[in-house]
Amino acid sequence: MHAYAIHTQHLSRHFAAIRAVDDLSLDVPRGIVFGFLGPNGSGKTTTIRLLLGLLEPQQGQAEVLGFDTRRQAGQIRKHAGALLEHTGLYERLSAEDNLEFYGRINRMPAGERRVRIRGLLTHFGLWERRRERIGQWSRGMRQKVAIARAMLHRPDLIFLDEPTAGLDPVAAAGLRDDIATLVERDGVTVFLNTHNLPEAERMCAQIGVIRNGRLITVGSPDQIRSGPSGSRLEITGIGFSEEVLAQLRRQRQVEAAVRKNGHLEVRLSDPGDSAAVVACLVGAGAQVEEVVKVKASLESAFLKMMEEGNDAR
Amino acid sequence: MLADISVMMWKEWKELWQMQVSSRSGVIGLLITFVIFGIVMPVQAGATWVESAISLSLWAAIPMLLVGTLVADSFAGERERHTLETLLSSRLPDHAILLGKIFAVVGYVWLVTQLVFVAALVPVNIVHGHGSFLFYRPEVVLSGPALSFLLAALMSNVGVLVSLRAGSVKQAQQTLGISAFVFAYAIPMAVIYGLRLAPKEFVNRLVQPILTGNVGPAALVVSILLVILNVVLFSASRKRFRRDHLSFNE
């Protein structure tokens, strides 16, 4: 058994002049929810297509569940489930027939197929409506069937491309819980494409951030939040004059220092440098009453990364 | 391989059932086919319908008229309704998807064609039987099903190629509808009107074998030509219907 569910090296795919995926090297451990974050058009969907062997990379290589995407794509698709950009459900067919079709595709024995379909539809609260045509259903209900389809044959890895996009907040929260429960129970790896940052923060053990086809960073949500541009101090006290602030700003680790809402806000390049900041303030004659280390939200860390990307361009 | 093809056919037939039999427009379409080819034309043709090989031409016409709509819906529709990418992300091989879809359409249209021609015996015998049982000539019974199968396959293969290039189901259906009209109606009508201008003796020499002679050898030659055409077109379809060709260069 390979340690990584997904392992890519310098994976690249271009469409004419557009670098959809550019030199992507990534390792996704087994048994976690991995969030792949990026704005629209950043290369998330193309990455899934490359990993499923639906597109051939022009450079680099990728292994999914130990199978090479160029030579063993059939094996990857056999062991993986996918909910892509669209639900991919047949609207003329019932929920039960949609799942029956994919159960047959995956060569599940008839008895096992029946039990599994019943189990999943019951879990999602759709069993009673299993014979209705999908076309008449709400987006949230269809999304649930699509997730059931992705999990039907108990795959080792599931690709989910924006699974809660277009859902109302209640349906999205329910769906997140469903995914979390099912993942925990079945122990699969989930590769979650999203630009919904709170969703990624709640669900993912690891997150990769992609921009313009290039991977910017990978880590746990905590690591990304408290990364180089994501850590700040809120300091309460007396004597934060302009001279004191000017002295503070000259410190190597201090990126910014401003008075805000009655306290001093200091943004650090290294979250471990808070003691030096306090020493500097005290040395300059200020009195420090309280120091609070504030981790940036994933959203602000992400936005910062995107801003830096735009500045670099 | 066969299991994969039959899974694909299972889904296609489920959808066809919903489209053709469970919807009002589908049922009306089928009824029109049965009324025109199973009642009106046989009754008008009279005993000639079964005693000559004239029905062979219609045995060929039905697949040409029916296949286009269905094959366009199956291939272009799968893309238009955003189900293709999910299907391609499954473990089904490309050729199983392709063959499953083609066989499903061909099988359905072939079955409808045979049912129409069996049904046509009823009005022919009621109106023109005069106490005896009228039945098709042996070479028609043998070559009709084969020709209708091969023509349905030919139209399917053409339909696959057209659908893969078409921007929408409607566009594919229009293109295939025009082709079917040309081959099933315009060309035969042109031939009929052309024959009116030809010398009577020449026409008799040409038409007489169809009315009274054995058309078996001619049907065999046509069948062989259709097999060759099907092989060529299927190779082209197979080359085109590949994941890395189908997806997703936007």
Side-chain angles (χ1 to χ4, degrees), chain A residues 13-16 18 20 41 45-46 48-57 69-70 72-94 96-108 133-135 142 146 149-150 152-153 155 158-159 161, chain B residues 1-26 69-70 73-101 104 108 169 241-250:
Chain A
R13 173 76 198 205
H14 305 169
F15 298 114
I18 299 165
T45 299
T46 303
I48 287 191
R49 287 171 178 161
L50 286 167
L51 295 175
L52 278 167
L54 299 177
L55 285 173
E56 285 239 341
T69 55
R70 278 198 184 87
Q72 297 167 298
Q75 286 296 319
I76 294 169
R77 291 190 286 265
K78 186 175 168 185
H79 291 94
L83 164 57
L84 304 173
E85 240 177 332
H86 303 278
T87 59
L89 295 168
Y90 296 97
E91 299 199 344
R92 292 179 191 139
L93 302 185
S94 66
E96 193 175 32
D97 282 342
N98 268 283
L99 296 183
E100 175 73 19
F101 175 48
Y102 277 88
R104 286 174 184 233
I105 284 179
N106 289 298
R107 298 190 178 171
M108 295 170 75
R133 283 168 70 167
I134 288 273
R142 277 184 274 167
R149 182 199 58 215
L152 182 66
H153 59 298
I158 299 177
F159 292 98
D161 195 354
Chain B
M1 166 75 171
L2 282 177
D4 290 338
I5 293 171
S6 67
V7 169
M8 198 64 230
M9 288 173 71
W10 177 87
K11 191 280 287 182
E12 290 295 314
W13 275 331
K14 278 260 171 188
E15 282 206 293
L16 262 174
W17 177 262
Q18 290 295 334
M19 194 170 74
Q20 294 286 99
V21 186
S22 297
S23 74
R24 191 183 295 173
S25 58
T69 311
L70 302 178
D73 186 82
S74 177
F75 283 87
E78 191 97 45
R79 194 180 55 225
E80 191 170 287
R81 293 187 287 272
H82 304 295
T83 51
L84 181 63
E85 192 175 11
T86 301
L87 181 63
L88 295 177
S89 71
S90 76
R91 55 160 291 285
L92 277 186
D94 300 342
H95 56 271
I97 298 173
L98 178 64
L99 280 171
K101 281 175 171 287
Y108 171 78
V169 176
F241 194 86
R242 278 174 26 203
R243 280 174 166 85
D244 51 338
H245 275 63
L246 288 170
S247 41
F248 313 102
N249 297 320
E250 70 268 29

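Note that the structure is predicted; figures quoted are calculated from it, not measured. By convention in this document, chain letters (A, B, ...) are assigned in the order of the sequence lines, proteins followed by strands, and residues within each chain are numbered from 1. Computed over heavy atoms, backbone and side chain alike; hydrogens, waters and symmetry mates excluded.
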**Asked** To the nearest 0.5 Å, what is the distance between OG (B:S89) and CZ (A:R77)?
**Response** 8.0 Å
**B:H82 side chain reached by A:T87 side chain, heavy atoms, under 4.5 Å** = no
**Item:** Pairwise distance NZ(B:K11) to CD(A:E100) - rounded to 0.5 angstrom
**Value:** 14.0 Å
**Request:** Select, from A:H79, A:E56, A:R107, the one with the greatest count of heavy-atom pairs under 4.5 Å involving chain B.
**Result:** A:R107
**Message:** I need the residue from A:H153, A:R149, A:E91, A:Q75 with the largest number of non-hydrogen atom pairs under 4.5 Å to chain B.
**Reply:** A:R149
**Asked** Looking at A:L93, A:N106, A:L52, which has the largest count of heavy-atom pairs under 4.5 Å with chain B?
**Response** A:L93
**Prompt:** Contact part of A:L89 toward chain B, heavy-atom cut-off under 4.5 Å: side chain, backbone, both or neither?
**Reply:** backbone
**Prompt:** Can you find a heavy atom in the side chain of A:D97 that is under 4.5 Å from one in the side chain of B:W10?
**Reply:** yes
**Asked** Less than 4.5 Å apart, any side-chain heavy atom of B:T86 and any of A:H86?
**Response** no
**Prompt:** Relative to chain B, which segment of A:Y102 carries a heavy atom at a distance below 4.5 Å: side chain, backbone, both, or neither?
**Reply:** side chain
**Request:** Find the distance between CG (A:D161) and CD (B:E85) and round it off to the nearest 0.5 Å.
**Result:** 8.5 Å
**Request:** Look up atom CG in B:L92 and atom CZ in A:R104, then write down how far apart they are to the nearest 0.5 Å.
**Result:** 12.5 Å
**Trace of the side chain to side chain contact (heavy atoms under 4.5 Å, CB included) decision for A:I105 with B:L87** = CA-CA 10 Å; A:I105 284 179; B:L87 181 63; 4.1 Å; yes
